[in-house]
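One structure below.
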Amino acid sequence: AGLLRNRPAATHWVALDLLAETDPTIDVRRDERYVDDGDIVTSAGVSAGIDMALHLVRRLAGEQRAREVRRGIQYDPAPPV
C-alpha cells in the first residue's frame with residue numbers, strides 16, 4: 001500500500017528482511033522495539049507492541065496515565081529469563 005515508503009519502521013524479527021525487500025525505501029529499524037514516526041507507529045512483536053501502546057498512552061494522556069495502565073496490566077518490562 002506504500003504507507004511506509006521513505007519512512008522508518010520496526011517489525012517482528014522474522015519479517016525484517018521481507019519488509020526491506022518489499023520496499024527498499026523503508027528504513028527498517030532492526031534493533032528498535034517500536035518506531036514512532038508521527039502518524040505511523042510500528043512495533044517489533046508482542047511485548048514490543050505493549051511498549052508501543054504504553055508509549056502512545058504517554059503521548060496522548062501523559063506519563064502518569066501510562067504508568068497507571070502499565071500497573072493495571074501488570075506489565076514488567078524486565079525479562080524473567
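Excluded from the calculations below are hydrogen atoms, water molecules and symmetry mates; all remaining heavy atoms, backbone and side chain alike, are included. The first residue in the sequence is number 1, and the count goes up from there.
Contact between Ser43 and Met52 at its shortest, heavy atoms only, is CB-SD, 3.7 Å. Across all their heavy atoms, His12 and Gly45 have their closest contact at CD2-CA, 4.2 Å.
Between the side chain of Thr42 and the backbone N or O of Ala9 there is no donor-acceptor pair closer than 3.5 Å. Side-chain N or O atoms of Arg65 include none that pairs as donor or acceptor with a backbone N or O of Val57 at under 3.5 Å.
Ile26 and Leu18 fall into different hydrophobic clusters, where Ile, Leu, Val, Met, Phe, Trp and Tyr are joined by side-chain heavy atoms under 4.5 Å apart, directly or via other members. Val14 is not connected to Val46 by any chain of hydrophobic side-chain contacts under 4.5 Å among Ile, Leu, Val, Met, Phe, Trp and Tyr, and they are in different clusters.
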Quiz item: Checking side-chain contact (heavy atoms from CB on, under 4.5 Å) for the pair Leu4/Asp23: CA distance, chi angles, key distance, verdict?
Solution: CA-CA 8 Å; Leu4 297 176; Asp23 182 346; 5.8 Å; no
Exercise. Evaluate the side-chain contact (heavy atoms from CB on, under 4.5 Å) criterion for residues Val69 and Tyr75: first the C-alpha distance (whole Å), next the side-chain angles of each, then the deciding distance (0.1 Å), finally the verdict.
Key: CA-CA 9 Å; Val69 170; Tyr75 181 62; over 6 Å; no
Practice problem: Mind running salt bridge (charged side-chain N to carboxylate O under 4.0 Å, His left out) on Asp37 and Arg29 for me, showing each step along the way? | Solution: CA-CA 12 Å; Asp37 194 39; Arg29 304 284 174 91; over 6 Å; no
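Salt-bridge annotation for Arg59 and Asp36: present, with a side-chain N of the basic residue lying under 4.0 Å from a carboxylate O of the acidic one. Salt bridge status for Arg30 with Asp17: present, with a side-chain N to carboxylate O gap under 4.0 Å. Under the 4.0 Å criterion applied to side-chain N and carboxylate O atoms, Asp27 and Arg5 are not assigned as salt-bridge partners.
A distance of 11.0 Å separates CG in Leu16 from CD in Glu21, rounded to the nearest 0.5 Å. Annotation: the span from Leu54 atom CG to Arg67 atom CZ amounts to 10.5 Å, rounded to 0.5 Å.
Using a 4.5 Å heavy-atom cutoff, the side chains of Val35 and Ile40 are not in contact. A 4.5 Å side-chain heavy-atom check between Asp39 and Arg7 finds at least one atom pair inside the cut-off.
Residues meeting the ring pair (Phe, Tyr, Trp, His ring centres under 6.0 Å) test with His55, sequence neighbours left out: Tyr34.
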